[in-house]
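The structure appears right after this line, and notes come after that.
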Amino acid sequence: MALAMAVTLWFFAINRYTDELSEAVYLEISIPQGFTILNQSAEYVMVNLKGPQKLIDQIGELITDNKIKVRCRISDDIDKEDDPIKKSIILTRDHLNLSDDIILESIYPETVDVELSRLEKKYLNVRIVKQGQPAGGFTIENEFVYPGEVEVTGASNILKSVSQINTIPININGITSEKNRTFPWIINLEQNVEVPQNG
């Protein structure tokens, strides 16, 4: 009888809310097609969970493996005339898809601010970026790059103030007329553009 009572008590204990977990969970935001995220106020959300120890241990492993995320979706009915578009998302238990046995004690931050922009295509001039100096007595007389412009895709409110994209820096240190670099010299482009703001 004592053994039966002990086993019953053990099963009762492990199915009670016996453990807690505080963990940073990755925030995944789905957005309408044709838009991009410019800024979001948080990339991870701190959650405090309570539940049966076995379940809490499993959830901890899933969070570590990035298999549990805080998933949010911005609906397609946004005002597409504005750019950039600002949205605030109130985070709830539903964004975590937890089982009924798990209690969400707290979530921080409770609200995430997101700034979106429409994607658009634009042609930018290619600018050759050089590194180093030619040999003494020599100078760069002319330079030519083909294609002279490329089509890029990016946030419309950024691209409107951009006219060029850089190559990765090329080394011209010690170059002379006998060491001219001519076609085909394949140079990669930077995968970003710089936008000066407020000086």
Side-chain angles (χ1 to χ4, degrees), residues 1-121 152-160 162 188 190-195 197-198:
M1 183 179 293
L3 179 61
M5 290 179 62
V7 171
T8 302
L9 182 61
W10 180 74
F11 274 110
F12 177 78
I14 65 171
N15 284 289
R16 295 293 293 171
Y17 299 123
T18 56
D19 207 356
E20 292 187 7
L21 174 69
S22 293
E23 196 72 59
V25 182
Y26 181 72
L27 175 61
E28 183 178 87
I29 301 176
S30 300
I31 60 175
Q33 190 173 4
F35 287 81
T36 185
I37 295 177
L38 291 178
N39 294 296
Q40 64 185 66
S41 59
E43 292 188 6
Y44 285 86
V45 174
M46 183 62 69
V47 297
N48 187 17
L49 307 175
K50 191 183 236 184
Q53 183 174 0
K54 187 176 180 180
L55 283 179
I56 288 293
D57 291 343
Q58 290 174 352
I59 289 174
E61 292 175 4
L62 291 172
I63 291 174
T64 301
D65 294 338
N66 215 25
K67 292 179 180 176
I68 286 185
K69 302 175 183 177
V70 177
R71 290 183 168 91
C72 306
R73 188 176 192 285
I74 295 178
S75 62
D76 294 336
D77 61 348
I78 58 178
D79 188 353
K80 298 181 180 179
E81 297 301 317
D82 293 335
D83 201 290
I85 300 160
K86 296 182 179 179
K87 288 284 184 180
S88 291
I89 303 170
I90 299 174
L91 302 178
T92 67
R93 177 191 177 87
D94 295 335
H95 293 116
L96 269 166
N97 194 25
L98 296 170
S99 70
D100 293 338
D101 293 326
I102 299 296
I103 294 175
L104 177 62
E105 293 275 283
S106 64
I107 186 166
Y108 181 83
E110 295 181 348
T111 303
V112 175
D113 297 320
V114 183
E115 189 175 22
L116 306 176
S117 180
R118 286 190 303 276
L119 287 173
E120 72 171 31
K121 296 180 183 294
V152 303
T153 301
S156 61
N157 71 321
I158 292 177
L159 284 182
K160 66 185 178 183
V162 176
N188 292 325
E190 294 282 6
Q191 294 301 302
N192 55 60
V193 295
E194 293 183 2
V195 183
Q197 293 182 335
N198 301 322

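For the atom pair CD1 (I68) and CD (E28), the distance works out to 13.0 Å, reported to the nearest 0.5 Å. Taken from CG in L91 to CG in L104, the straight-line distance is 10.0 Å, to the nearest 0.5 Å. Note: R71 CZ to L96 CG = 9.5 Å, rounded to the nearest 0.5 Å. In this structure, the separation between CD on E105 and CG on L49 is 8.5 Å, given to the nearest 0.5 Å.
Using modelled atom types, one finds a donor on one side chain and an acceptor on the other under 3.5 Å when comparing E115 with N39.
By the 4.5 Å heavy-atom criterion applied to side chains, I107 and V25 are not counted as neighbours. Two residues are said to be in side-chain contact when any heavy atoms from C-beta on lie closer than 4.5 Å; R93 and L98 meet this criterion. Between L21 and I63 there is a side-chain heavy-atom pair separated by less than 4.5 Å.
Within 6.0 Å of atom CG in N66, more than 12 heavy atoms from other residues, nucleotides or ligands are found, so the atom counts as buried in its surroundings. Counting heavy atoms of neighbouring residues, nucleotides and ligands inside a 6.0 Å radius, atom CD of E110 does not exceed 12 of them. For I90, the CD1 atom counts as loosely surrounded, since its 6.0 Å shell holds 12 or fewer non-hydrogen atoms of other residues, nucleotides or ligands.
Considering all non-hydrogen atoms of both residues, F35 and I85 come closest at CE2-CD1, 3.4 Å. Considering every non-hydrogen atom in both S88 and D113, the closest pair reads OG-OD1, 2.6 Å. Nearest heavy atoms, Q40 versus L27: NE2-CD2, 4.1 Å. Contact record, D19 with I56: O-CG1, 3.9 Å, taken as the closest heavy-atom pair. Between H95 and C72, the shortest heavy-atom distance links the atoms CD2-SG, 3.8 Å. Minimum interatomic distance between S117 and N157 (heavy atoms only, all atoms of both residues): OG-OD1, 3.1 Å.
Every residue two or more places apart in sequence or in another chain that forms a ring-ring contact (aromatic ring centres under 6.0 Å, His included) with Y26 is listed here: Y44.
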**Message:** I'd like to know whether L38 forms a side chain to side chain contact (heavy atoms under 4.5 Å, CB included) with I158, so could you lay out the CA-CA distance, the side-chain angles of the two residues, the decisive distance to 0.1 Å, and finally the verdict.
**Reply:** CA-CA 10 Å; L38 291 178; I158 292 177; 3.9 Å; yes
